[in-house]
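Okay, so here's the structure we're looking at.
The residues of the chain are indexed from 1 along the displayed sequence. The structure displayed is predicted, hence computed values, not measured ones.
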Amino acid sequence: MQTFTMCMQCQAELGILNFLSLALVDIPESGLIETTCNRGHRTALVIQQSKFEILSEMGVRAIVNGFHRDAVFSFATSLERLYEFFIEAVCRKQGISRDAFSVVWKQMAKQSERQLGAFLTAFLLETRNTPNMLPRKQSEFRNEVVHKGRFPTREEAVQFGIAIFNCARAPLTVLRSPAYAEIIRDLTFERIDERSKHSLNAGLLTSTIGLVTPLSIMTADQPEDLEEIIAAYSSRPDLKRAVEEANALGEAISELINININRNIA
C-alpha cells in the first residue's frame, strides 16, 4: 500500500509547501518512511497506525482495484493482528510489562490457533462475554483461498470482509472505552518511538502521519457498511495523478519565483 509524503524541512525553510517534494511511496514493514526530496533533504515519516488498521485499508483498496484474493489475505491478517493488539492491551491493563508480554507472545507468534485461544480468554476475562467469531463457512473459505489457491469473486471477498468487520467490532468497542484510553495512548507512543528510533539516531527530521482506516481504534464514527466504505474509496482521486498534478504545480511556482528573482536582479 502507498501513501503520500512531503518534505517538512522544505516547508520549515521556505515557509510554503514544496509541491515538488510530494511523492507516493510504499508503506514499509517498519512503519518508517525515509525520503530524499528534490532539494536534497533526507527526512522521515512515521506511520501512527497499528498493523491491523493498515491491513484493513489494504483489504478495501484491494477490492477497489480488483485484487480480491489480496483483499481476503489482508482482511484475515487484519483481524489476527487486532487480536494480538487486544491481548497486549488487556495484559498492559493488568500491569504486565511490554517485555514480559513479548516473551510470552513469542511462544505463540507463529501459531494462529494459540493466538485465537489467547484472545478468547482475554476477552472473556475482560468482558464476561464471548465475541463474535468468524462463521465456519467463512473460515473454510479463507483456508481455501490461502492454502488451496482459490480465486474469490468480488462478492465473496466483500462478504468475507463483512464477516471480519463483524468480528472486529466487539474488541474495538472495548479498546475505545474510557478504561483503555491511557493504555491505548501509551501503546501508540511506544509504537511511534520504536518506529522513529532509527531516523532520530541518524539525525533526520522526523514527523508522524495518521491514516484514516476502515478499522480504527481512534475513530469510532467510521461507516460500518463495507460497501459504503468501498464506494467512498472508489470515489477518491487517483493517487498517482494527484502527485503528478501537485508536482506540476510545484514546477509552475518554482518558475514564477525564478522569474521574480531574475527581475529583481535586473
The complete set of salt bridge (Lys or Arg N to Asp or Glu O under 4.0 Å) pairs with one or both residues in residues 158-167, sequence neighbours excluded, reads none
Problem - Donor + acceptor pair across side chains of Thr43, Gln9 (<3.5 Å) - result: no
| said: Using 30° and 60° as the class boundaries, would you call the ring planes of Phe86 and Phe123 parallel, tilted or perpendicular? | reply: tilted
For Glu29, the salt bridge (Lys or Arg N to Asp or Glu O under 4.0 Å) test, sequence neighbours excluded, returns Lys51
Apart from Leu204 itself, its cluster of hydrophobic side chains linked below 4.5 Å comprises none
_Crowding at CD, Glu13 (>12 non-hydrogen neighbours, <6.0 Å)_ = yes
query: Run the side-chain contact (heavy atoms from CB on, under 4.5 Å) check on Cys10 and His41 step by step: do they pass?
result: CA-CA 8 Å; Cys10 282; His41 297 140; 3.3 Å; yes
So salt bridge (Lys or Arg N to Asp or Glu O under 4.0 Å) across residues 136-151, not counting sequence neighbours, yields Arg136-Glu140, Glu144-Arg150, Arg150-Glu156
(message) Side chains of Arg42 and Thr35: any donor to acceptor distance under 3.5 Å?
(response) no
Residues passing the side chain to side chain donor-acceptor pair (under 3.5 Å) test with Asn129, sequence neighbours excluded, are none
With sequence neighbours left out, the residues meeting salt bridge (Lys or Arg N to Asp or Glu O under 4.0 Å) with Arg128 are none
Tracing side-chain contacts under 4.5 Å among Ile, Leu, Val, Met, Phe, Trp and Tyr outward from Leu20 reaches none
Apart from Met1 itself, its cluster of hydrophobic side chains linked below 4.5 Å comprises Val25, Ile27, Ile33, Leu45, Ile47, Ile54, Leu55, Met58, Ile209, Leu211
- Message: Quick test of your reading of the model: are Arg241 and Glu244 salt-bridged, counting only N-O distances below 4.0 Å?
- Response: no
- Query: Can you find a pair of side-chain heavy atoms, one from Ile63 and one from Val158, that are under 4.5 Å apart?
  - Reply: yes
- Decide side-chain contact (heavy atoms from CB on, under 4.5 Å) for Phe119 and Leu124; before the verdict, give the C-alpha distance in whole Å, the side-chain angles of both, and the deciding distance to 0.1 Å. CA-CA 8 Å; Phe119 164 72; Leu124 182 62; over 6 Å; no
Shortest non-hydrogen pair, Val72 vs Pro152, comes out as CG2-CG, 4.1 Å
Applying side-chain contact (heavy atoms from CB on, under 4.5 Å) to Ser234 and not counting sequence neighbours gives Val64, Ile230
Apart from Leu32 itself, members of its ILVMFWY cluster (side-chain separation under 4.5 Å) are Val46, Ile192
Residues Val90, Ile96; criterion side-chain contact (heavy atoms from CB on, under 4.5 Å); working and verdict:
CA-CA 9 Å; Val90 171; Ile96 298 172; over 6 Å; no
| task | For Arg236, look at atom CZ and say whether over 12 heavy atoms of other residues, nucleotides or ligands are found less than 6.0 Å away. | result | yes
In short, side-chain hydrogen bond (donor to acceptor under 3.5 Å, both in side chains) pairs touching residues 85-101 with sequence neighbours left out are Arg92-Glu190, Lys93-Glu126
If only side-chain N and O atoms count, and only distance matters, is there a donor-acceptor pair under 3.5 Å linking Ser196 with Thr206? no
The complete set of side-chain hydrogen bond (donor to acceptor under 3.5 Å, both in side chains) pairs with one or both residues in residues 68-81, sequence neighbours excluded, reads Arg81-Glu84, Arg81-Gln115
